[in-house]
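Heads up, the thing below is written out as structure tokens.
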Amino acid sequence: MSSLILASKSPRRSELLQKAGYTFTVRQAEGPETLPGGSAPEEAVQQLARRKAEEVLEHYPDSVVLAADTMISLDGRILGKPVSKEDARRTLEALSGRTHEVYTGAAVFTKRRKSVFFVKTEVRFCPLDTDLIQSYLATAEPYDKAGSYAVQGQGSLFVEAVQGDFYNVMGLPVSRLSRELRLFHIVPSFPPTY
Ligand SMILES: Cc1cn([C@H]2C[C@H](O)[C@@H](COP(=O)(O)OP(=O)(O)OP(=O)(O)O)O2)c(=O)[nH]c1=O
């Protein structure tokens, strides 16, 4: 059976995969994350996931390589990670009181078989007051996250409703992914606790 490699520097992805019971090693892709201009979010996340998986598979051709990419979309406009505090502020103000979509694209590659898919989750934010946004921007939380918030952290204060897979918002649609990994003979283990 081939070993699983997670091609990601995201600590959230590692944590989710590990908690689901998978054994894997982490080897991150080094190439630039350039957004394919003009593409729809579902295309963009799948393309970036594919690129990261391809890069790492070149170095580990006998492994099963998993890569992912997460972006959010508001009114058809893609919002990735913030480039500055002002950018994060603008994003959170735009998300306030509205529903946006979170897309995660995932690629599972071996040299013989390649599978790419995406999962969409809708997130509705409550109306956010300026003080709350200001306090949040003073923390480290928004800056390495798509959409400038972490649903699993203090960003929970913003979230009114989630429709779809919560874990997809954190960066990995674990359940859908597990069905895909099974096709590559990668299954989680369930260690007994007695
Ligand atoms: C919306 C949202 C995003 N995120 C995270 C998931 C991803 O790690 C990150 C989006 O950036 P990505 O570019 O998808 O991932 P990454 O750069 O962290 O890691 P790599 O490319 O090496 O795989 O935002 C949260 O943790 N919580 C959230 O609520």
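Just follow the structure's listing: the first ligand is 1, and inside any ligand the first atom is 1.
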**Asked** Do Tyr149 and Phe125 have their ring centres less than 6.0 Å from each other?
**Response** yes
Tell me whether [X] has any N or O atom under 3.5 angstrom from an N or O of ligand 1.
X      : result
Gly171 : no
Val102 : no
Lys52  : yes

**Asked** Considering only heavy atoms, which of Leu6, Thr70, Leu172 lies nearest to atom 14 (O) of ligand 1?
**Response** Thr70
How does [X] reach ligand 1, if at all, at less than 4.0 Å between non-hydrogen atoms: by side chain, backbone, both, or neither?
X      : result
Met170 : backbone
Asp144 : backbone
Arg13  : side chain

**Request:** May I ask you to check whether Asp165 and Thr121 show a side-chain donor-acceptor distance below 3.5 Å?
**Result:** no
**Item:** Polar contact flag, side-chain donor to acceptor under 3.5 angstrom, Arg90-Ser84
**Value:**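 No - no donor-acceptor pair under 3.5 Å links their side chains.
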Can you pull out the closest protein heavy atom to [atom]? Residue, atom name and distance to 0.1 Å, please.
atom                    : value
atom 29 (O) of ligand 1 : Val151 N, 2.7 Å
atom 22 (O) of ligand 1 : Lys9 N, 2.7 Å
atom 24 (O) of ligand 1 : Ala146 N, 3.1 Å
atom 17 (O) of ligand 1 : Lys81 NZ, 2.5 Å

**Message:** Hydrophobic clustering (ILVMFWY, side-chain heavy atoms < 4.5 Å, transitive) - are Val187 and Leu17 grouped together?
**Reply:**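 Looking at the clustering, Val187 is in a separate group from Leu17.
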**Prompt:** Do the non-hydrogen side-chain atoms of Arg176 and Asn168 ever get within less than 4.5 Å of each other?
**Reply:**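 When only atoms from C-beta onward are counted, Asn168 and Arg176 do not touch, as no gap falls below 4.5 Å.
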**Message:** My understanding is that a hydrophobic cluster links ILVMFWY residues whose side chain heavy atoms are under 4.5 Å apart, including indirect links. Using that, what else belongs to the cluster containing Tyr60?
**Reply:**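 Besides Tyr60, the cluster holds Ile5, Val56, Leu57, Val65, Phe109, Val116.
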**Asked** For the side chain of Glu122 and the backbone of Thr99, is there at least one donor-acceptor N/O pair under 3.5 Å apart?
**Response**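 Checked: no pair found.
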